[in-house]
Amino acid sequence: MLQQTKVDQVVGFYKRFLDHFPNVFDLASASEQEVLKCWQGLGYYSRARNIHRTAKIVSNDLGGVFPGSYDALLDLPGIGDYTASAIASIAFGRCNAVVDGNVYRVLSRFFGIEVPIDTGAGRKYFKELAEELIDESDPANYNQAIMEFGAVQCLPRNPNCTSCPLVSACCAHKHGDVLKLPVKEKKVAVRNRYFLYLVVKTEDGFFIRQRSSNDVWAKMFDFPLVELDSRPIKKEIFNIVSGQLNWPMAIANVVKMNKHILSHQHIYAWFAEVVCSTGFDTSDWINVRDIAQLEQYPFPRLVEKYLECTCFLGNGQVVGG
DNA sequence: AACGCGGGGGC
DNA sequence: GCCCCAGCGTT
């Protein structure tokens with residue numbers, strides 16, 4: 001959970017997750033959908049699928065016993081260099097140095113290192129430096145201390161240099177380079193996407209569907225969707241919707257959501273609430289007849305926000321046509 | 001090596 | 001509204 005995510009954002013999810021899956025066998029025997037549901041809202045959902053796969057391996061192949069070495073941990077799904085080092089050192093007392101975003105920041109500033117951190121050579125450089133620096137007598141505390149120092153003192157944009165115990169020895173501070181470090185080479189490419197959701201309502205409820213596994217929010221659930229090449233105008237929305245649905249229908253409402261921002265995509269979303277009176281072929285659609293059913297399906301935050309702001313649900317029953 | 005994958009916070 | 005935060009798997 002702590003991969004790419006701050007502690008404050010994680011704690012609530014962590015407690016709920018352990019509440020739901022108290023041990024590795026409970027996690028292993030749960031369904032993937034159940035695990036995703038517990039992860040709902042935390043983001044980077046491949047982490048949920050990976051920890052589920054790892055639980056199955058530990059439970060079924062390793063007799064429920066976690067590996068304690070860096071190499072064995074590295075073989076598990078979702079566990080890379082950072083996580084293998086963190087578990088090996090913190091949980092098993094092994095001497096493996098962690099290099100996370102905090103470590104890159106602290107080391108690059110303290111030693112004034114301008115090697116870019118987002119290249120193979122940069123990662124190797126910092127990993128070797130961290131391995132030189134680690135306190136072999138207490139690797140767990142050394143690792144946690146340097147990460148914590150980056151998280152509370154040596155902050156990305158507002159570092160507390162005036163109260164820093166290391167300021168007199170800090171290379172970056174000496175040269176006025178604190179905010180320039182660490183150096184990154186690459187920019188994130190941001191893509192705009194335009195989602196026109198069809199919220200199809202009948203006397204018998206409405207429909208959701210599961211997303212594919214090769215796009216954002218893999219295997220999570222949302223509504224039937226038309227993706228557009230550009231921002232639609234109001235008149236287009238009606239034409240697009242009627243082109244998609246060959247049934248007698250009327251657009252009851254179109255809910256325009258705020259821009260939904262992911263680190264790599266800006267999603268503009270419209271939810272066209274469509275009222276139909278007939279049944280139809282909905283092979284891959286799931287007919288939701290009662291909002292209580294929604295509790296079993298994992299939704300992305302965008303859909304959660306739509307469900308919160310809409311009032312087409314009432315009295316525990318779906319309001320149909 | 002390049003790319004895709006969420007969501008939150010600061011200003 | 002703009003900026004920042006970055007581990008892992010896949011290709």
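All of these numbers come straight from a predicted model, not from anything done at the bench.
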Worksheet item: Atom CZ of Arg211(A) and atom P of dG6(B): how far apart are they, to the nearest Å?
Response: 9 Å

Worksheet entry | Base of dG6(B) paired with side chain of Thr5(A) (donor-acceptor, under 3.5 Å) | yes

Worksheet item: Rounded to the Å, how far apart are Leu42(A) CG and dG7(B) P?
Response: 9 Å

Item to complete: Rounded off to whole Å, could you give me the CD-to-P distance for the Gln40(A) and dG6(B) pair?
Response: 13 Å

Item to complete: Evaluate ring pair (Phe, Tyr, Trp, His ring centres under 6.0 Å) for Tyr306(A) paired with Phe223(A), printing each intermediate quantity in order.
Response: CA-CA 11 Å; Tyr306(A) 167 71; Phe223(A) 295 93; 5.6 Å; yes

Practice prompt. Rounded to the nearest angstrom, tell me the gap between atom CG in Asn160(A) and atom P in dG10(B).
Written response: 13 Å

Item to complete: Would you indicate what Gln4(A) reaches in the nucleic acid, counting non-hydrogen atoms under 4.0 angstrom: base, sugar-phosphate, or nothing?
Response: base

Discussion item. Any base atoms under 4.0 Å from Ile79(A), or only sugar-phosphate, or nothing? Heavy atoms, all strands.
Written reply: sugar-phosphate

Discussion item. Applying salt bridge (charged side-chain N to carboxylate O under 4.0 Å, His left out) to Lys219(A) and Glu32(A), what does each step give before you reach the verdict?
Written reply: CA-CA 9 Å; Lys219(A) 296 188 185 178; Glu32(A) 184 181 86; 3.3 Å; yes

Discussion item. Taking the six-membered ring of Tyr268(A) as reference, does the cationic atom of Arg231(A) (NZ for Lys, CZ for Arg) lie under 6.0 Å from its centre and within 45° of its axis?
Written reply: yes

Worksheet item: Between dA2(B) atom P and Arg123(A) atom CZ, what is the distance in whole Å?
Response: 10 Å

Worksheet item: How would you label the contact of Asn50(A) with the nucleic acid (heavy atoms, under 4.0 Å): base, sugar-phosphate, or nothing?
Response: sugar-phosphate

Fill in: Worked verdict on Asp215(A) versus Arg193(A) for salt bridge (charged side-chain N to carboxylate O under 4.0 Å, His left out)
CA-CA 12 Å; Asp215(A) 193 7; Arg193(A) 300 182 74 174; 2.9 Å; yes

Fill in: Closest-nucleotide ordering on DNA chain B, the 5'-leading residue of Leu302(A) and Asp118(A)
Asp118(A)

Worksheet entry | Pairing of Lys180(A) and Asp177(A) as salt bridge, 4.0 angstrom limit | yes

Discussion item. Base, sugar-phosphate or nothing for Arg301(A)? Non-hydrogen atoms, less than 4.0 Å.
Written reply: sugar-phosphate

Practice prompt. Could you check whether Leu2(A) gets within reach of a base, just the sugar-phosphate, or nothing at all, counting any heavy atom under 4.0 Å?
Written response: nothing

Practice prompt. Pick base, sugar-phosphate or nothing for Arg105(A), based on heavy-atom distances below 4.0 Å to the nucleic acid.
Written response: sugar-phosphate

Discussion item. The test is side chain to side chain donor-acceptor pair (under 3.5 Å); show your working for Asn50(A) and Arg47(A) and say whether it passes.
Written reply: CA-CA 5 Å; Asn50(A) 283 332; Arg47(A) 296 180 297 180; over 6 Å; no

Worksheet entry | Base-pairing mate for dG6(B) - Watson-Crick or G-U, with both contacts under 3.5 Å | none

Worksheet entry | Residue pair Trp217(A), Phe299(A): steps toward the ring pair (Phe, Tyr, Trp, His ring centres under 6.0 Å) verdict | CA-CA 8 Å; Trp217(A) 305 318; Phe299(A) 299 105; over 10 Å; no

Item to complete: For the pair Trp285(A) and Phe207(A), name the ring-plane relationship: parallel under 30°, tilted 30 to 60°, perpendicular over 60°.
Response: tilted

Discussion item. How many whole angstroms separate atom CG of Asp8(A) from atom P of dG9(B)?
Written reply: 8 Å

Worksheet item: Between Glu304(A) and Arg301(A), is a salt bridge (charged side-chain N to carboxylate O under 4.0 Å, His left out) present by the stated rule, with each step listed?
Response: CA-CA 5 Å; Glu304(A) 276 192 85; Arg301(A) 284 289 290 136; 3.7 Å; yes

Worksheet, complete the sentence: Lys124(A) NZ to dA1(B) C1', in whole Å, measures 16 Å

Worksheet item: Say you pick atom P in dT11(C) and the same atom in dG6(B); how far apart are they, in whole Å?
Response: 15 Å

Worksheet item: Hey, is the side chain of His264(A) poking within less than 4.0 Å of OP1 or OP2 on dG4(B), counting only N and O atoms?
Response: no

Practice prompt. Check whether any side-chain N or O of His260(A) sits under 4.0 Å from OP1 or OP2 of dG6(B), and answer yes or no.
Written response: no

Worksheet item: Which is true for Asp215(A) with a 4.0 Å heavy-atom rule: it touches a base, it touches only sugar-phosphate, or it touches nothing?
Response: sugar-phosphate

Practice prompt. Respond yes when some side-chain nitrogen or oxygen of Gln265(A) is under 4.0 Å from OP1 or OP2 of dC5(B), and no when none is.
Written response: yes

Response to the item:
By nearest-heavy-atom nucleotide on DNA chain B, the more 5' of Gly120(A) and Arg49(A) is Gly120(A)

Item to complete: Indicate whether OP1 or OP2 belonging to dG7(B) is found under 4.0 Å from a side-chain N or O atom of Trp217(A).
Response: yes

Practice prompt. Could you tell me from which nucleotide to which nucleotide of DNA chain C, 5' to 3', there is an atom under 4.0 Å from chain A heavy atoms?
Written response: dC2(C) to dG9(C)

Worksheet item: Which part of the nucleic acid, if any, lies within contact of Ser46(A), taking any heavy atom under 4.0 Å across all strands shown: a base, the sugar-phosphate backbone alone, or nothing?
Response: nothing

Worksheet item: What's the OH-C1' distance between Tyr44(A) and dG8(B), to the nearest Å?
Response: 12 Å

